[in-house]
Q: 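Please read through the structure below; I'll follow up with questions.
Please read these numbers as outputs of a predicted model, since none were measured by experiment.
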Amino acid sequence: METKYLKINTADNVAVAIQSLNAGECITIDGEDIHVLQDTPAGHKIMLTDLAKGEDIIKYGYPIGHATEDVKKGQWVNENQIKTNLAGLLDYTYNPVKVNLDIPNEGLTFKGYRRKNGDVGVRNEVWIIPTVGCVNGIANQLAERLRQETGGKGVDAIVSYPHNYGCSQLGDDHENTKKILRDMVLHPNAGAVLVVGLGCENNQPDVFKEFVGEVDSERVQYIVTQKIEGDEVEEGMKILRQIYEVASKDVRTDVPLSELRVGLKCGGSDGFSGITANPLLGMFSDFLIAQGGTSVLTEVPEMFGAETILMNRCENKELFEQTVSLINDFKSYFLSHGEPVGENPSPGNKAGGISTLEDKSLGCTQKSGDSRVCGVMKYGESVSQKGLNLLCAPGNDLVASTALAASGAHIVLFTTGRGTPFACPVPTIKISSNSALYKKKNNWIDFNAGPIVENSGIEETADKLFDFILDVASGKKLKSELSGYRDMTIFKKGVTL
């Protein structure tokens, strides 16, 4: 029998429609008959009891906001009847919970590229990275020329990464640009990198080169276009041919799964995201960590309302305090711009059944599974601790995914209920929360989590996802890679000169 509705947690006073429910339809939950009062779209919530104005609505076992009016049993409730409980900065108390995941280490491997410094990549690509947006056109032209000249043979891709920054920035914005570009230069998915500078930018090429530090000079080279007499593109091609020749000789070898780092991200979420795709990623994250690997969770604003779950899984008080700062510093950023901290769900989120930021966050944080938090990183920092890490970045898909890639993630696992074609600088696996999206946008979506609430359990779907991720780490191309989609977007907080 197909599931038509789901009560997620025993404490909940709402259920989620797995299929569209019709007015007058009778559903039975916990032995009690509930008559649906309105046509209710799939992914949306049905009240399981009468509720007075001001009382909390409970989903995932936690409040997702309060009722703005009296609501009746069987009523469809959405953003029109629910208001967030979120406010400003909070004080938190560390109440650590015991984490004991009994997941064996299976000794699995994937086929990756072992770099000279001992790090590992899951792709062997040639990257052209501008120090400043003024040379984006040159970087793009260099990438296109090398693709035409070589046909891309011997490497997985040849990509330029244009961006708007590197000049006319101050303070943290300037430093953040330098950090993200540095992290890109050093990323192990790049077998060769040409850094293209202008010469007069704030992000001075010589200073940036020193900031990047030691590199494999056979694979990483710099060019400053204002210093070149004549055709800078032809001069860049001479360098690219050299480093391409080195990278094209690389081969995949067996690498322990403990070397794999994945980023966890969701975007265009819907009412199914916290039921199918995000818990599925949580299972993979726990499994990977049990193998000695690493996962990185970001989107700090989409932790608001669920942050204590993460705080109490911190393995020590110091990490707890760092997580408190992660949350409150981001709230302060919102408040300093005169913006509320709880007005996050997009029109697409609401149409998909997500009513408040708490509703979104409680589904979002399930991507982290149940593992202990072992590291907390600032924006632009690289992973140094294996296990589950929290990374400071906003919820914006392009900015957050770029931050995950820059942190050292080899792959980003991206769940979506509405669909999106974009990809960040590393392979971006699109995982649909529902089968309708998978069928509709099969040219975007790589893996379907919808069967979890249809004819397959989460365990069977998890096994398929685990195998798929190992295949991707070993070279299987994703839909976005085949389409040539790549984006690098840097976080901007301050003024532009």
Side-chain angles (χ1 to χ4, degrees), residues 1-53 55-83 268-280 345-356 358-360 362-363 366 415-419 432-441 448-458 461:
M1 181 178 177
E2 287 187 309
T3 302
K4 296 195 69 173
Y5 47 86
L6 176 67
K7 181 180 178 181
I8 299 171
N9 187 285
T10 56
D12 291 354
N13 57 18
V14 293
V16 177
I18 302 303
Q19 300 178 32
S20 295
L21 299 175
N22 299 317
E25 194 169 349
C26 182
I27 61 177
T28 303
I29 296 179
D30 297 335
E32 186 173 355
D33 289 342
I34 296 165
H35 295 278
V36 178
L37 299 183
Q38 297 121 333
D39 292 346
T40 302
H44 284 251
K45 296 174 286 292
I46 291 283
M47 281 304 307
L48 302 181
T49 184
D50 291 339
L51 205 67
K53 179 180 178 179
E55 290 189 288
D56 281 338
I57 293 172
I58 311 296
K59 183 181 175 187
Y60 302 108
Y62 293 87
I64 62 167
H66 60 272
T68 57
E69 59 188 54
D70 293 345
V71 291
K72 297 182 180 298
K73 184 167 102 173
Q75 183 176 339
W76 168 26
V77 289
N78 52 46
E79 68 276 6
N80 297 312
Q81 297 84 29
I82 308 174
K83 185 174 176 59
S269 299
D270 69 352
F272 290 100
S273 295
I275 297 170
T276 60
N278 289 349
L280 186 66
S346 68
N349 293 152
K350 293 173 182 176
I354 296 174
S355 305
T356 62
E358 296 100 309
D359 194 356
K360 190 174 184 178
L362 287 162
Q366 292 189 57
T415 68
T416 180
R418 310 288 294 179
S432 61
S433 67
N434 62 85
S435 295
L437 172 62
Y438 182 71
K439 293 171 185 175
K440 180 181 179 181
K441 301 304 297 182
N448 181 24
I452 290 173
V453 291
E454 296 164 1
N455 50 18
S456 301
I458 194 167
T461 309

Q: Within the structure provided, determine whether Met47 and Asn13 are in side-chain contact (heavy-atom separation under 4.5 Å).
A: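 Of all side-chain heavy-atom pairs linking Asn13 with Met47, at least one is under 4.5 Å.
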Q: If you round to the nearest 0.5 Å, how far is OG1 of Thr68 from NZ of Lys83?
A: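 Rounded to the nearest 0.5 Å, the NZ-OG1 separation comes out at 9.0 Å.
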Q: So which atom in Thr40 and which in Ala17 form the shortest heavy-atom distance, rounded to 0.1 Å?
A: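 Scanning both residues completely, I find the closest heavy atoms to be CG2-CB, 4.3 Å.
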Q: Taking all atoms of both residues into account, what is the closest heavy-atom pair of Gly271 and Val16, and its distance?
A: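 Reported closest heavy-atom pair: O-CG1, 4.2 Å.
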Q: Asn80: which residues meet the side chain to side chain contact (heavy atoms under 4.5 Å, CB included) condition with it, sequence neighbours left out?
A: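 With sequence neighbours excluded, Asn80 shows a side chain to side chain contact (heavy atoms under 4.5 Å, CB included) to Asn78, given in chain and number order.
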Q: How long is the gap from CD1 on Ile57 to CD on Gln81, to the nearest 0.5 Å?
A: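 Interatomic distance, Ile57 CD1 to Gln81 CD, rounded to 0.5 Å: 8.0 Å.
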Q: If only atom types and distance count, is the side chain of Thr276 paired as donor or acceptor with the main-chain N or O of Ser433 below 3.5 Å?
A: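 A pair under 3.5 Å: yes.
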Q: Tell me, please, which residues at least two apart from Thr461 pass side chain to side chain donor-acceptor pair (under 3.5 Å).
A: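 With neighbours one apart ignored, the set is empty.
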Q: First locate atom CG of Asp50, then atom CD of Gln75, and finally report the distance between them rounded to the nearest 0.5 Å.
A: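 That separation rounds to 9.5 Å.
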Q: How far does NE2 of His35 sit from NZ of Lys72, to the nearest 0.5 angstrom?
A: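 Rounded to the nearest 0.5 Å, the NE2-NZ separation comes out at 14.5 Å.
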Q: Are Asn22 and Val36 side-chain neighbours, meaning at least one heavy-atom pair lies under 4.5 Å?
A: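 In short, these two side chains do not touch, never coming nearer than 4.5 Å.
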Q: Show me the pairs that pass salt bridge (Lys or Arg N to Asp or Glu O under 4.0 Å) and involve residues 16-32, at least two apart or across chains.
A: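 Residue pairs passing salt bridge (Lys or Arg N to Asp or Glu O under 4.0 Å), neighbours aside: Lys4-Glu25, Lys7-Asp30, Glu32-Lys73.
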Q: In chain order, what residues pass the side chain to side chain contact (heavy atoms under 4.5 Å, CB included) check against Gln366, with sequence neighbours excluded?
A: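 In terms of side chain to side chain contact (heavy atoms under 4.5 Å, CB included), with neighbours along the sequence ignored, Gln366 is linked to Tyr60, Asn278, Pro279.
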Q: Please identify each residue that fulfils side chain to side chain donor-acceptor pair (under 3.5 Å) with Thr28, with sequence neighbours left out.
A: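 Once residues adjacent in sequence are excluded, the partners of Thr28 under the side chain to side chain donor-acceptor pair (under 3.5 Å) criterion are Asp33.
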Q: Write down the atom of Pro345, the atom of Thr356, and the distance for their closest heavy-atom approach.
A: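 That closest heavy-atom pairing would be CG-C, 3.4 Å.
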Q: Strictly by salt bridge (Lys or Arg N to Asp or Glu O under 4.0 Å), give each pair with a member in residues 10-24 just once, sequence neighbours left out.
A: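 Listed by first then second residue: nothing to list.
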Q: Give the minimum heavy-atom separation between Leu437 and Ser432, together with the two atoms involved.
A: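 Answer, listing the atom of Leu437 first, then Ser432: CD2-CB, 3.9 Å.
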Q: Could you measure the distance from the CG atom of Leu6 to the CD1 atom of Ile29? Nearest 0.5 Å is fine.
A: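 Those atoms lie 8.5 Å apart.
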Q: Taking atom CD1 of Ile46 and atom CD1 of Ile34, what is their separation to the nearest 0.5 Å?
A: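 So the CD1 of Ile46 and the CD1 of Ile34 are separated by 8.5 Å.
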Q: If you look at every heavy atom in Ser20 and Ala42, which pair is closest and at what distance?
A: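 Nearest pair, atom of Ser20 first, then Ala42: OG-N, 3.5 Å.
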Q: Of all residues at least two apart in sequence or in a different chain, which pass the side chain to side chain donor-acceptor pair (under 3.5 Å) check with Asp39?
A: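 For Asp39, no residue satisfies side chain to side chain donor-acceptor pair (under 3.5 Å) once neighbours in sequence are set aside.
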Q: How far apart are the C-alpha atoms of Ile452 and Ile275, what are their side-chain angles, what is the distance that settles it, and do they pass the side-chain contact (heavy atoms from CB on, under 4.5 Å) test?
A: CA-CA 8 Å; Ile452 290 173; Ile275 297 170; 5.7 Å; no
Q: Applying salt bridge (charged side-chain N to carboxylate O under 4.0 Å, His left out), can you list everything that pairs with Asp359, at least two apart in sequence or on another chain?
A: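 Partners of Asp359 under the salt bridge (charged side-chain N to carboxylate O under 4.0 Å, His left out) test: Lys45, Lys59.
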Q: Taking the side chain as everything from C-beta on, heavy atoms only, tell me whether His44 gets closer than 4.5 Å to Trp76.
A: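 A side-chain contact under 4.5 Å exists here.
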Q: Please enumerate all residues that pass side chain to side chain contact (heavy atoms under 4.5 Å, CB included) together with Lys440, with sequence neighbours excluded.
A: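 If we apply the side chain to side chain contact (heavy atoms under 4.5 Å, CB included) test to Lys440, skipping adjacent residues, there are no hits.
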Q: Under the rule for side chain to side chain contact (heavy atoms under 4.5 Å, CB included), what residues qualify as partners of Ser346, not counting sequence neighbours?
A: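 Scan of Ser346 (side chain to side chain contact (heavy atoms under 4.5 Å, CB included), adjacent residues dropped) gives Asn349.
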Q: Do you know the tightest heavy-atom contact between Ser273 and Gly417?
A: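 Nearest pair, atom of Ser273 first, then Gly417: OG-N, 4.1 Å.
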Q: Asn434: which residues meet the side chain to side chain donor-acceptor pair (under 3.5 Å) condition with it, sequence neighbours left out?
A: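 Expected list: Asp270.
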Q: According to salt bridge (Lys or Arg N to Asp or Glu O under 4.0 Å), does anything in residues 60-69 pair up with another residue at least two apart or in another chain? List the pairs.
A: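 Of all non-adjacent pairs touching residues 60-69, none passes salt bridge (Lys or Arg N to Asp or Glu O under 4.0 Å).
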Q: Would a distance-only check, ignoring hydrogens and angles, find a side-chain to backbone donor-acceptor pair under 3.5 Å from Asp56 to Ile58?
A: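 Checked: no pair found.
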